[in-house]
Amino acid sequence: MNKKILFYAIIICGLFSGFSACNSTKKEVKSGDEQAIDTMKLQFNIANVDTMSVIFPESNDVFVINEKDKAELGKLIALSINDTLWNNSGIMVKMVAPDYTIVSHYKGQSADNNSWLMIWKENGRVKFENKWYFLDEAKKSSIYQILDAYK
């Protein structure tokens, strides 16, 4: 009887420890964004992009971005900084729909090779090729202004 109680106590303690570890990781992600930044930049080569479009979550309409805005967005987005905490921890993140989804079609490539870049205004995060980045603080309002012009 005592062995059964000890066995169940160990299982319960193990589960409790596992859940506590998960929760502390989540708190660290929300409160430690500044600690998650390093100097690795997003590799976004605008020279190979034939067309760029933006999709807004409320309409799902696709708006083609003009050449001038495409070049400017390419420069601004390339300043995004790697989020080492989210990229290196292996944690799963549940996010709301992005505020902007940018679809880039490359010259001479099929639609299967399009790249999708998602931007969340709330936390200034970008997801591109399954990696997380932070928008450059000084440039993110310029990015939002360009993209909002297509609404």
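Source: prediction; values computed, not measured.
- Hydrophobic clustering keeps Leu79 apart from Ile119 (ILVMFWY residues linked when any side-chain heavy atoms are closer than 4.5 Å, directly or through intermediates).
- Between the CD atom of Gln43 and the CD1 atom of Ile77 there is a distance of 13.5 Å, given to the nearest 0.5 Å.
- Listed by chain and residue number, Lys127 satisfy the side chain to side chain contact (heavy atoms under 4.5 Å, CB included) test with Asn130 (two or more places apart in sequence, or in another chain).
- For Trp116, the ring pair (Phe, Tyr, Trp, His ring centres under 6.0 Å) test picks out no residue, with sequence neighbours left out.
- Atom OH of Tyr100 and atom OH of Tyr150 lie 12.5 Å apart (nearest 0.5 Å).
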Listed pairs under 3.5 Å, donor-acceptor, residues 52-63 side chains, sequence neighbours left out:
| from | atom 1 | to | atom 2 | distance (Å) |
| --- | --- | --- | --- | --- |
| Ser59 | OG | Asp61 | N | 3.2 |

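- Other members of a hydrophobic cluster containing Val64 are absent, since no ILVMFWY side chain comes under 4.5 Å of it, directly or through relayed contacts.
- Every residue two or more places apart in sequence or in another chain that forms a salt bridge (charged side-chain N to carboxylate O under 4.0 Å, His left out) with Glu67 is listed here: Lys70.
- Taking the side chain to side chain donor-acceptor pair (under 3.5 Å) definition, one finds that Asp99 meets it with nothing, sequence neighbours left out.
- Applying the side chain to side chain contact (heavy atoms under 4.5 Å, CB included) criterion to Asp50, with sequence neighbours excluded, gives His105, Lys107.
- Across all non-hydrogen atoms, the minimal contact from Leu135 to Ser80 is CD2-OG, 3.5 Å.
- Checked against side chain to side chain contact (heavy atoms under 4.5 Å, CB included), Lys75 has the following partners two or more places apart in sequence or in another chain: Glu72.
- Applying the side chain to side chain donor-acceptor pair (under 3.5 Å) test to Gln145 and every residue at least two apart in sequence or in another chain returns nothing.
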Problem - Audit row: Ile81, Lys41, side-chain contact (heavy atoms from CB on, under 4.5 Å) steps and yes/no - result: CA-CA 5 Å; Ile81 301 170; Lys41 302 282 184 183; 3.9 Å; yes
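- Each of Asp148, Ile143, Leu147 was evaluated against Lys121; a single residue qualifies, Asp148, per the side-chain contact (heavy atoms from CB on, under 4.5 Å) test.
- Across all their heavy atoms, Asn123 and Phe134 have their closest contact at O-CD2, 4.2 Å.
- Between the side chains of Tyr133 and Asn87, no donor-acceptor pair of N or O atoms lies under 3.5 Å.
- Under the rule for a side chain to side chain donor-acceptor pair (under 3.5 Å), Tyr144 has no partner lying at least two apart in sequence or in another chain.
- Pairing each heavy atom of Tyr106 with each of Ser115, the nearest pair is OH-OG, 2.8 Å.
- To the nearest 0.5 angstrom, Leu42 atom CG is 12.0 Å from Asp83 atom CG.
- In this view, Lys131 satisfies the salt bridge (charged side-chain N to carboxylate O under 4.0 Å, His left out) rule with no residue, not counting sequence neighbours.
- With values rounded to the nearest 0.5 angstrom, Ile146 atom CD1 is found 8.5 Å from Ile65 atom CD1.
- Within the 4.5 Å cutoff, no side-chain heavy atoms of Leu76 are placed close to those of Asp136.
- Listed by chain and residue number, Lys140 satisfy the side chain to side chain donor-acceptor pair (under 3.5 Å) test with Glu137 (two or more places apart in sequence, or in another chain).
- Heavy atoms only, all atoms of each residue included: Asp69 and Asn66 are closest at N-OD1, 2.8 Å.
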